[in-house]
Amino acid sequence: MRKAAVGEQVAGAISADAEELIARPRLAEELPQSHEPSLAERYDWLEAMINHVPDYIYAKDLEGRFLFANKAIVLNNGLERVEDMVGLTDYDLHPSAAAESIAAIERRVMESGEPDLGFEERRLRGSGWLMMSRVPLRDKAGKVIGVVGASRDISARKRGESLMKAQAHLLKAVAKGVRLEPFLSDAANLLEEVIPGTAAAVLLHDEGAQELYIAAASPSAGAASISPVDILDHPAWTCLAISSGDGAQHGVLAIRGSTDHEASVWEFLTGVAQTIGIAIDRHYDAERITFLAEHDALTGLPNRTLLDRKLDGMLRRADKTSRKVAVVFLDVDNFKLVNDSLGHAAGDELLKIVARRISEEIGQDNLISRIGGDEFILALQQADEDFVSQLARIREAIARPLTLAGMDLQLTCSMGIACFAMHGKTATELFANADMAMYRVKENGRNGIQMFDPAMAENARRKLGRSEELRRAVERDEFVLHFQPQKDMNSGEIIGVEALVRWNHPTDGVIFPGDFIPLAEESGLIVPIGEAVLRKACGQAKEWQKQGLPPVKIGVNMSARQFQEHGMIRQVAAALAESGLEPRWLEIEVTESLLMRDVQGAIMKMHELNALGVSLAIDDFGTGYSSLSTLKRFPLSRLKIDRSFITDIPDDADDMAITSAIVSLARMLELDVIAEGVETEEQARFLSQAGCHAIQGYLFSRPIPAEEMTRVMRGRS
Ligand code: C2E
Ligand code: CA
Ligand code: CA
């Protein structure tokens with residue numbers, strides 16, 4: 001019996017534990033048959049056990065020849081029976097390199113007498129992993145006569161480990177925030193690697209569209225020759241949903257190959273699909289953040305950051321190709337008016353409409369950006385059409401009638417152009433110059449297109465220099481007042497004096513208010529200048545009184561910025577208190593246009609001034625558009641007829657009619673009236689006939705310094 005012989009041979013030589021198990025049959029002979037199974041029975045059990053375990057069990061002699069091998073090992077080596085294997089060595093069964101590495105381990109075990117436990121190695125035949133344990137085979141005397149080996153299949157554990165590693169790799173990539181495309185290919189490749197025999201593809205929804213496209217595929221998926229439909233409709237492919245965190249579908253993860261995987265593989269695949277979902281979410285988030293950082297939230301147009309970046313590129317290309325680029329500042333005219341009168345929602349809507357209209361006209365290669373408020377910057381590259389006609393088209397588009405909050409509107413805009421490289425080589429220069437050109441359009445009444453001109457820069461530089469000088473002038477108190485008397489033609493008396501400021505410029509000499517008051521208004525310096533004027537005027541008026549001259553009203557001009565200033569009333573009160581001038585001798589002159597800007601606010605301020613005891617005159621009257629009803633609400637004491645109506649008397653019948661009308665109006669409102677700029681006897685005569693007896697002008701006196709004024713007043717008194 002060959003079988004028994006093998007069994008005996010093994011049993012006779014195995015190590016302590018194994019010997020006990022396998023040697024049992026021999027001991028059993030001594031035991032009573034009635035209590036113990038027969039030797040044959042035991043042998044059958046043992047054989048069944050050894051042959052039924054899926055693990056490999058074998059014994060070899062000192063030369064590495066198989067003494068015994070269980071069924072699993074025999075079959076794995078392509079043989080049928082144990083007998084076929086006995087006497088063979090690993091060199092007969094495996095490539096010599098593999099056989100040698102096994103022999104080396106086994107030699108060590110036999111020579112040292114020490115077991116080698118838990119060695120992990122790949123299967124030599126078929127796929128998977130084994131964990132090998134090898135112990136010395138000893139005879140009864142304890143002498144090593146060979147080696148016994150036992151294996152366990154650890155393929156599942158190994159696969160689990162590699163799946164876990166793959167999963168960790170993908171998660172790490174997501175956490176690091178890699179780019180989406182390489183991440184997806186990486187994931188597909190990894191799947192093919194860790195699940196042998198599969199191919200993988202990631203199909204995603206095209207933005208907005210319902211259709212799927214192949215975003216990534218593993219090498220053996222054959223992505224070049226398949227369409228998304230091939231994958232979705234083919235039974236060889238299994239699809240797992242890729243969802244976003246909010247439950248929406250990004251696409252599917254498709255796996256080709258056997259669907260007959262262990263649960264852990266499916267778990268892994270589900271995990272990968274989830275990880276891909278997270279990666280896509282993060283990708284979109286990052287895209288959205290980048291978009292928000294570079295776009296205007298209201299209109300969706302690029303913001304200044306993006307414009308700067310793109311314009312840089314545009315200018316670099318233009319430099320190489322000597323192509324022309326125009327930078328255009330565009331400002332919607334009177335936007336503030338719409339915003340204030342129709343509300344912010346309407347204002348926002350208007351900006352969106354304008355943004356859309358410009359975008360539609362601007363053309364693909366060009367840039368548009370909203371840089372805040374109602375200001376847009378365009379950057380145009382030279383096309384067939386020249387810049388000005390391109391801009392004219394944009395202007396027409398903006399001017400198309402529209403209805404907003406129930407109001408029919410027609411918009412205009414102001415545009416300033418600066419060209420590369422003529423008007424600047426850098427974006428910063430071009431911006432500054434286009435802005436300057438736009439500013440010029442606004443100064444000239446808005447609604448127009450203006451090309452930058454180097455003279456503008458010269459002007460701006462001068463203006464900047466002037467405002468610096470003006471600041472110093474305030475510190476050094478370079479302002480003096482001249483005074484122009486006002487005369488009552490009936491009595492011949494001086495009834496008032498208007499204080500007019502002059503700037504004694506250290507090098508340029510006397511500068512008249514027309515040349516620096518607008519700048520002072522713009523820069524805010526009008527506030528300290530106005531304060532100084534008030535103090536000087538009140539002080540001078542009080543001085544004349546102290547000198548015993550008949551008291552006169554002193555008129556002081558107040559500009560809009562100064563009138564609206566919070567501390568204005570306090571300024572006036574302080575000037576009066578400081579000088580000791582009684583308030584009734586001070587008359588503040590404000591223009592009609594100033595009052596009409598904010599009627600309600602003006603009325604309040606005027607009442608406060610009245611409460612101080614100060615009187616109020618409307619300067620340049622007739623040039624604004626105040627209605628009779630509005631005029632009635634102002635607590636005024638005097639109207640000053642604007643010089644422009646007087647100049648052409650007696651040649652202009654209209655002006656004469658208007659002047660007469662103003663005089664009647666004043667009488668009706670019970671206000672005093674005075675005519676400014678009276679230069680001729682004829683004008684004075686006409687005014688007198690019309691009922692206006694107070695005059696101011698060169699006819700009587702030019703504005704003169706204080707000492708001269710003192711002499712004039714002395715001569716009269
Ligand atoms: P305004 O208030 O209308 O002052 C009258 C201007 O007309 C003065 O010019 C005066 O010199 C000039 N004028 C007076 N009579 C005649 C005349 O018969 N013929 C002609 N052609 N002109 C005459 P000025 O002094 O150059 O002042 C110009 C403007 O500057 C003033 O116009 C006023 O609006 C503003 N201004 C003057 N001083 C001050 C000031 O202290 N504060 C503020 N905010 N504005 C001032
Ligand atoms: Ca005045
Ligand atoms: Ca005036």
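Remember, it's 1-based here, ligands and their atoms both numbered in the order they're listed. Computed from a predicted structure; not experimentally measured.
In summary, the atoms of ligand 1 found under 4.0 Å from a heavy atom of Glu679, numbered by their order in the structure, are 17 (C), 18 (O), 19 (N), 20 (C), 21 (N). Set against the non-hydrogen atoms of Gln484, the atoms of ligand 1 under 4.0 Å away are 14 (C), 15 (N). Proximity to Asp620 (heavy-atom distance under 4.0 Å) selects the following atoms of ligand 1: 3 (O). Numbered from 1 in the order shown, with element, the atoms of ligand 1 that lie under 4.0 Å from a heavy atom of Val678 read 18 (O).
Contacts with ligand 1 closer than 4.0 Å are made by side-chain heavy atoms of Pro703 only, the backbone lying farther away. Using a 4.0 Å cut-off between heavy atoms, Val533 contacts ligand 1 through its side chain alone, with no backbone atom that close. Residue Glu676 touches ligand 1 through its side chain alone, judged by heavy-atom distances below 4.0 Å.
Residue-environment remark: CE (Met604) stays at or below the threshold of 12 foreign heavy atoms within 6.0 Å.
Residue nearest to atom 29 (C) of ligand 1, selected from Ala675, Pro513, Gly697: Pro513 (by heavy-atom distance). Nearest residue to atom 25 (O) of ligand 1 from Arg702, Glu498, Arg502 is Arg502 (criterion: closest heavy atom). Which of Leu500, Leu534, Asp619, Ile646 comes nearest to atom 31 (C) of ligand 1 through a heavy atom is settled by distance: it is Leu500.
Of the residues listed (Glu670, Glu589, Glu587), the one engaging Arg638 in a salt bridge (Lys or Arg N to Asp or Glu O under 4.0 Å) is Glu587, and it is the only one.
Between Gln696 and ligand 1, not a single N/O pair is under 3.5 Å apart.
Salt bridge present: Arg304 and Asp308 bring a charged side-chain N and a carboxylate O closer than 4.0 Å. A salt bridge does not link Arg472 with Glu478: none of the charged nitrogens is closer than 4.0 Å to a carboxylate oxygen. For the pair Arg643 and Glu676, the salt-bridge criterion is not met [side-chain N within less than 4.0 Å of a carboxylate O]. The existence of a salt bridge linking Lys640 and Asp672 is excluded, since no basic side-chain nitrogen approaches an acidic carboxylate oxygen closer than 4.0 Å. Ion pairing between Glu396 and Arg393 fails under the 4.0 Å rule for side-chain N and carboxylate O. A salt bridge between Arg471 and Glu468 is present, with a side-chain N of the basic residue lying under 4.0 Å from a carboxylate O of the acidic one.
The OE2 atom of Glu498 and the OD1 atom of Asn557 subtend an angle of 90° at the Ca ion (ligand 2), given to the nearest 10 degrees.
Backbone or side-chain N, O or S atoms of Asp619 reach the Ca ion (ligand 2) at under 3.0 Å. Metal site remark for the Ca ion (ligand 2): Asp620 contributes no N, O or S atom at a distance under 3.0 Å.
Aromatic ring centres of Phe452 and Tyr439 lie farther apart than the 6.0 Å criterion allows.
Judged purely by distance below 3.5 Å, without hydrogens or angles, the side chains of Glu498 and Asn557 pair a donor atom with an acceptor atom.
The minimum distance between the Ca ion (ligand 2) and any N, O or S atom of Glu589 involves atom OE1.
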